[in-house]
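One structure below.
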There are 2 protein chains.
Amino acid sequence: MLNTQTILQQLSDQGFKKTKVRELLIGELLKLKKPLDAQALQDFLSDQKLAVNKTTVYRELQFLLERGIIVEINFGDNKRRYEIAGLAHHHHLICNNCQGVEDVFVDQDLVKLEKKIAKEKNFAIHSHSLEFFGLCRHCL
Amino acid sequence: MLNTQTILQQLSDQGFKKTKVRELLIGELLKLKKPLDAQALQDFLSDQKLAVNKTTVYRELQFLLERGIIVEINFGDNKRRYEIAGLAHHHHLICNNCQGVEDVFVDQDLVKLEKKIAKEKNFAIHSHSLEFFGLCRHCL
DNA sequence: AATAATACGCAACTCAATTGCGTTTGTCAA
DNA sequence: TTGACAAACGCAATTGAGTTGCGTATTATT
Ligand SMILES: [Mn+2]
Ligand SMILES: [Mn+2]
Ligand SMILES: [Zn+2]
Ligand SMILES: [Zn+2]
């Protein structure tokens, strides 16, 4: 269920603790529903008057990733970003000017494309990454 | 023109020197026509009995990138790869097992998709990154 | 309150990539 | 052929994202 308390409870049932860091990070990722990097999340915690060490942020992200609560997204700038899991499969429009991120759903098209490629190339596609770069409506 | 001597001559005309490192790197990227990282290229030079400092490799890659002779490719593993520029626009099938790379051409499909998205989202798409991950025919 | 596992802070470390700076080399022209 | 100068190079130090070891603190359970 896409709700902070439900996720916290599920983790608690598995023997993991309900911590303020965990609660705030999940809450923020659920709310913004867009990819955020470790630095942005640490800054967010700081704004919430919960200054924590970067190691704690990285470990928590690793923890949430391993349990499928978040997914890793790469914009190709050698910096890992994380998004809440469970959203409908989608991709991103990334503005080169304001760094804004918009979601875009192209699932149907991609599924067909993947099948075609898999058949032609005899390659079992497990996943793909597709991101678009350019200028958003505001920056045009 | 996709030929080492031609590229070297063009650079020379712009006041840059013809060096052994430059010649070998361009030659290798032209020959393999696939994305290679800095380490792989340094190892290649070493094999050719031309051991150079990694700084030289990074600087040369930066140099070739800025002049549009190579392009940067990202597989999402936080490691930059470079491919010779001027190849027909294409994407990659990356094997999660043997790390092999195959080219795949999906241009027509993507052009249509881009136009549709640009219109719907009012977003000017300048570029995109699309890579497929899975298992190649040998690793299946 | 005692216990044990989870979570955390801190310092050191890894790995890719970059920078400063002094030295070498390629090129061109005297 | 030789100077001169910019381009190229080596080396050490540095950056920046991310990780690891280890000792301490916190949470949950009894
Ligand atoms: Mn998204
Ligand atoms: Mn390619
Ligand atoms: Zn914008
Ligand atoms: Zn393979």
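Throughout, a chain's letter reflects where its sequence line sits, starting with A, and its residues are numbered from 1. Quantities reported herein were computed from a predicted structural model and do not represent experimental measurements.
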Output yes when a side-chain donor or acceptor of R22(B) lies under 3.5 Å from a complementary backbone atom of K17(B), and no otherwise.
-> yes
Quick one: is dT18(C) close enough that its OP1 or OP2 comes under 4.0 Å of any side-chain N or O from Y58(B)?
-> no
Taking atom C1' of dT14(C) as reference, at what distance in whole Å does atom CD of Q39(B) sit?
-> 14 Å
Which listed nucleotide (dA5(C), dC10(C), dT19(D)) is nearest to the side chain of N53(A)?
-> dC10(C)
Less than 3.5 Å between a donor and an acceptor, one on the side chain of K54(A) and one on the base of dG18(D), is that the case here?
-> yes
Mind checking K17(B) for me? I need base, sugar-phosphate or nothing, with any heavy atom below 4.0 Å counting as a touch.
-> base
Main-chain N/O of C136(A) paired to H138(A) side chain as donor or acceptor, under 3.5 Å = no
Measure from the side-chain heavy atoms of T55(A) and tell me the nearest of dT20(D), dT27(D), dA17(D).
-> dT20(D)
Quick one: is dC9(D) close enough that its OP1 or OP2 comes under 4.0 Å of any side-chain N or O from T19(B)?
-> yes
What integer distance in Å separates L24(B):CG from dC9(D):P?
-> 11 Å
Between K79(B) (NZ) and dA17(D) (P), how many Å, whole number?
-> 19 Å
Is the count of non-hydrogen atoms from other residues, nucleotides or ligands lying under 6.0 Å from K18(A) atom NZ greater than 12?
-> yes
Main-chain N/O of V52(B) paired to Q42(B) side chain as donor or acceptor, under 3.5 Å = yes
Distance in angstrom units between D77(A) CG and dA16(C) C1', rounded = 14 Å
Residue-phosphate contact under 4.0 Å: T56(B) side-chain N/O, dG10(D) OP1/OP2 | yes
Record whether the side chain of K18(A) comes under 3.5 Å of the base of dA28(D) through a donor-acceptor pair of N or O atoms.
-> no
Phosphate OP1/OP2 of dT18(C) contacted by R80(B) side-chain N/O (<4.0 Å) | yes
Using atom CZ of F16(A) as one end and atom C1' of dA5(C) as the other, report the distance to the nearest whole Å.
-> 10 Å
Side chain of F63(A) (C-beta onward), nearest among dC11(D), dT19(D), dA7(C) | dA7(C)
Distance in angstrom units between K20(A) NZ and dT27(D) C1', rounded = 15 Å
Integer-rounded Å distance: dG10(D) P and Q42(B) CD | 10 Å
Using the rule that two of Ile, Leu, Val, Met, Phe, Trp, Tyr join whenever any of their side-chain heavy atoms come within less than 4.5 Å, decide whether L8(A) and L30(A) are in one cluster.
-> yes
5' precedence on DNA chain C between R59(B) and A38(B) (nearest-nucleotide basis) = A38(B)
Starting from C1' on dG10(D), measure out to CG on L50(B) and report it in whole angstrom.
-> 13 Å
When the nearest nucleotide of DNA chain C is assigned to A51(A) and to Q14(A) on a heavy-atom basis, which residue is associated with the more 5' position?
-> Q14(A)
